[in-house]
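Before any comments, here is the structure.
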Amino acid sequence: MKEENVAIRLKDFIEEMGLTNSQFADQCGIPRPSLSQILTGRNKKISDVIVGQIHHAFPNLSVLWLLFGEGSMVVQEDKEDEMDEDLPNLFSESGKFSTPGKVQNKYSNLNALNDTVNRHKATVNNVDSSDFKVLDLQNKIEQMRKNPRKVVQITVYYDDSTFETFSPD
């Protein structure tokens, strides 16, 4: 697999959706510089976190097509006729979603992808809060530079109860 092909296919999908790169990145929750680095080929590999974010934002995009160029760009939602016959009914009598062992094992990587996306979002939130702390400190330093304090007098106290006062003159 040529890694550049992922970037080309991603560009094709963005154009097909009629979005700008910035709009696409914002909808997926991907930092704009990261998307830019992928699209320009600076980052040769696309992480599973980013693939998960793209899939979460655009579930109709075929991940197989994006990563490997297999199949069509968009997954058809109304393919009930073509469903695999050996898949069991996923809904129980009560109408609640159930995942039999066979199906759960077959699609367990989706759970891992979702977990990775959630961990990434938590990390992004932590980075955002630390960024605010850094900005706050930078503002305080800048404020101190604008209003520098000057030493006017130094007083030294000795253990024999005497003192001396020094002034910068």
Side-chain angles (χ1 to χ4, degrees), residues 1-84 86-87 90-91 95-146:
M1 172 178 93
K2 291 184 179 178
E3 300 298 336
E4 300 87 42
N5 290 339
V6 174
I8 291 169
R9 286 190 291 272
L10 190 56
K11 285 179 190 177
D12 289 345
F13 179 73
I14 293 170
E15 287 176 15
E16 183 73 23
M17 295 301 294
L19 299 171
T20 66
N21 293 347
S22 297
Q23 290 170 330
F24 180 80
D26 293 344
Q27 277 190 293
C28 294
I30 299 171
R32 291 177 183 182
S34 298
L35 180 65
S36 175
Q37 290 170 356
I38 291 168
L39 295 177
T40 59
R42 182 171 177 202
N43 284 0
K44 297 294 181 187
K45 295 184 179 183
I46 184 169
S47 75
D48 60 339
V49 173
I50 291 178
V51 171
Q53 289 176 289
I54 292 170
H55 179 68
H56 183 71
F58 298 96
N60 61 335
L61 171 64
S62 170
V63 176
L64 284 176
W65 175 82
L66 178 64
L67 296 177
F68 306 107
E70 297 176 7
S72 63
M73 178 189 297
V74 178
V75 176
Q76 303 297 329
E77 290 184 23
D78 54 355
K79 286 191 171 182
E80 293 176 2
D81 304 345
E82 302 173 21
M83 284 183 64
D84 199 3
D86 65 341
L87 286 178
L90 297 178
F91 294 94
K96 293 185 178 180
F97 184 71
S98 64
T99 53
K102 182 178 178 182
V103 175
Q104 189 171 5
N105 290 337
K106 187 173 180 181
Y107 298 106
S108 63
N109 62 342
L110 292 177
N111 292 333
L113 250 175
N114 287 334
D115 291 343
T116 306
V117 169
N118 290 337
R119 277 188 303 229
H120 176 71
K121 286 181 181 177
T123 303
V124 168
N125 289 338
N126 287 340
V127 169
D128 288 345
S129 66
S130 65
D131 285 346
F132 287 124
K133 290 178 184 175
V134 169
L135 287 174
D136 186 43
L137 286 174
Q138 287 175 339
N139 287 337
K140 287 180 181 178
I141 291 170
E142 191 61 35
Q143 198 66 356
M144 291 175 81
R145 285 184 181 153
K146 289 179 183 176

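Once rounded to the nearest 0.5 Å, the distance linking OG of Ser34 with CZ of Arg42 reads 10.0 Å. Taking SG from Cys28 and CD from Gln23, the interatomic distance works out to 11.5 Å, rounded to the nearest 0.5 Å. To the nearest 0.5 Å, the span separating CG on Asn60 from OG on Ser72 amounts to 10.0 Å. Here the CG atom belonging to Leu39 is positioned 5.0 Å from the CG atom belonging to Asn21, to the nearest 0.5 angstrom. Put simply, CD on Gln143 and CG on Asn139 are 8.0 Å apart, with the number rounded to the nearest 0.5 Å. Atom CD1 of Ile38 and atom NZ of Lys45 lie 13.0 Å apart (nearest 0.5 Å).
With contacts defined as side-chain heavy-atom distances shorter than 4.5 Å, the pair Leu137/Lys133 does not qualify.
Nearest heavy-atom pair, Gln27 versus Leu19, reported as atom, atom and distance to 0.1 Å: OE1-CD1, 3.2 Å. Taking each heavy atom of His55 and Val63 in turn, the nearest pair found is ND1-CG2, 3.6 Å.
Under the 3.5 Å distance criterion, the side-chain polar atoms of Arg9 are matched with a main-chain donor or acceptor of Trp65. A side-chain donor-acceptor contact under 3.5 Å links Gln53 to the backbone of Gly29.
Leu35 pairs with exactly one of Ile54, Ile46, Asp26, Leu10 by the side-chain contact (heavy atoms from CB on, under 4.5 Å) rule, that one being Leu10.
Taking the six-membered ring where the residue is Trp, Phe13 and Phe58 present perpendicular rings, their angle passing 60° and hence far from 30°.
Judged as a side-chain contact (heavy atoms from CB on, under 4.5 Å), and not counting sequence neighbours, the contacts of Ser36 are Thr40.
Residue-environment remark: CD (Glu16) stays at or below the threshold of 12 foreign heavy atoms within 6.0 Å.
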